[in-house]
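This report concerns only the one structure given below.
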Amino acid sequence: EVQLVESGGGLVQAGGSLRLSCAASGFTFDGYTIGWFRQAPGKGREGVSCLSDGRTYYADSVKGRFTISSDIDQNTVYLQINSLKPEDTAVYYCAAGRAVVAVLGINDYDYWGQGTQVTVSS
């Protein structure tokens, strides 16, 4: 069974940092695009970063603050989030897809995790 499990969310003050983890089971990341998305209350799900074929992509709103990385041995992808802002408050999801064209779009991903809550206080 394919599973993606996110962890690492929490409540932090503005300016703080978090590292989110996305652990995969039932498949390996090789050949997949792995994306991080977030959904704030009352808003749609948006892509923030992804790792595809060794290349990284970031939404303009997070460039310079978010860093995506992977540990192949652990079959885990990480999202380091620095300089957190209240507007970063959202549920963060990871997703995996084999034939992803729009890397920060939600439609091409096959598997999704359940999400981890990030709340940033001002």
Side-chain angles (χ1 to χ4, degrees):
E1 179 187 5
V2 172
Q3 274 194 318
L4 295 170
V5 179
E6 302 94 335
S7 61
L11 172 63
V12 295
Q13 288 188 330
S17 298
L18 285 172
R19 188 176 80 156
L20 308 183
S21 300
C22 172
S25 60
F27 75 107
T28 61
F29 287 143
D30 186 34
Y32 280 82
T33 293
I34 309 300
W36 281 98
F37 297 79
R38 66 185 181 185
Q39 187 164 13
K43 295 188 177 180
R45 194 168 297 188
E46 63 170 349
V48 295
S49 181
C50 81
L51 183 62
S52 179
D53 196 24
R55 291 167 292 186
T56 59
Y57 301 85
Y58 298 95
D60 288 343
S61 59
V62 306
K63 281 180 182 176
R65 299 189 299 121
F66 289 22
T67 304
I68 191 170
S69 62
S70 65
D71 183 332
I72 300 302
D73 291 339
Q74 297 294 322
N75 216 31
T76 299
V77 172
Y78 303 98
L79 186 69
Q80 178 69 39
I81 309 175
N82 298 327
S83 302
L84 277 158
K85 304 175 181 180
E87 52 263 43
D88 293 320
T89 294
V91 178
Y92 284 71
Y93 300 89
C94 68
R98 287 195 67 90
V100 176
V101 176
V103 293
L104 295 181
I106 67 172
N107 293 327
D108 295 342
Y109 287 84
D110 304 308
Y111 308 112
W112 291 83
Q114 83 292 346
T116 186
Q117 176 72 48
V118 172
T119 303
V120 185
S121 62
S122 57

Side-chain heavy atoms under 4.5 angstrom apart, residues restricted to Ile, Leu, Val, Met, Phe, Trp, Tyr: same cluster for V100 and V77? no
Please assess S52 against Y57 for the test side chain to side chain contact (heavy atoms under 4.5 Å, CB included), listing each intermediate value before the final yes or no. CA-CA 8 Å; S52 179; Y57 301 85; 4.1 Å; yes
Angle class for the W112/Y93 ring planes (parallel below 30°, perpendicular above 60°, tilted otherwise)? perpendicular
As an exercise, state the distance from OG of S7 to OH of Y92, rounded to the nearest 0.5 Å. 15.0 Å
Which heavy atom of P86 sits nearest to which heavy atom of A14, and what is that distance? CD-CB, 4.2 Å
Give a yes or no on whether a salt bridge exists between R38 and D88, defined as a side-chain N under 4.0 angstrom from a carboxylate O. yes
We want to know whether N75 and T28 form a side-chain donor-acceptor pair, criterion being a heavy-atom distance below 3.5 angstrom. no
Treat each ILVMFWY residue as a node, draw an edge where side-chain heavy atoms are under 4.5 Å apart, and state whether V12 and F66 are in one component. yes
dist S49:OG -> L20:CG (nearest 0.5 Å) comes out at 11.0 Å
In terms of hydrophobic clustering (I, L, V, M, F, W, Y; side-chain heavy atoms under 4.5 Å; direct or indirect links), are W36 and L4 co-clustered? yes
Could you tell me the separation between the CG atom of D53 and the OG1 atom of T33, rounded to the nearest 0.5 Å? 8.0 Å
Group every Ile, Leu, Val, Met, Phe, Trp and Tyr by side-chain heavy-atom contacts under 4.5 Å, then state whether L51 and I106 land in the same group. no
Got L18 and V118 here, is their nearest side-chain heavy-atom distance under 4.5 Å? yes
For side chain to side chain contact (heavy atoms under 4.5 Å, CB included), just list the numbers for T89 and Q117, CA-CA rounded to whole Å, side-chain angles, deciding distance to a tenth of an Å, and then say yes or no. CA-CA 8 Å; T89 294; Q117 176 72 48; 4.1 Å; yes
Lys/Arg cation over aromatic Y32: R98, 6.0 Å, 45° cone: yes
Quick one: does any side-chain atom of T76 pair with a main-chain N or O of Q74 as donor and acceptor, under 3.5 Å? yes
Please name the residue in the list I81, I68, L104, L79 that meets the side chain to side chain contact (heavy atoms under 4.5 Å, CB included) test with V48. L79
About how many Å separate CD of E6 and SG of C22, when rounded to the nearest 0.5 Å? 5.5 Å
Got a second to check how far S122's OG is from Q13's CD, nearest 0.5 Å? 9.5 Å
Is I34 linked to Y111 within one hydrophobic cluster, defined over Ile, Leu, Val, Met, Phe, Trp and Tyr using a side-chain heavy-atom separation of less than 4.5 Å? yes
Backbone N or O of A102 within a donor-acceptor pair of the D108 side chain at under 3.5 Å? yes
Determine, stepwise, if the pair T67 / Y58 fulfils side chain to side chain contact (heavy atoms under 4.5 Å, CB included). CA-CA 8 Å; T67 304; Y58 298 95; 3.9 Å; yes
Heavy-atom nearest pair, G97 first then Y109, reads N-CD2, 3.7 Å
Check against side chain to side chain contact (heavy atoms under 4.5 Å, CB included), Q80 and S69: CA-CA 8 Å; Q80 178 69 39; S69 62; over 6 Å; no
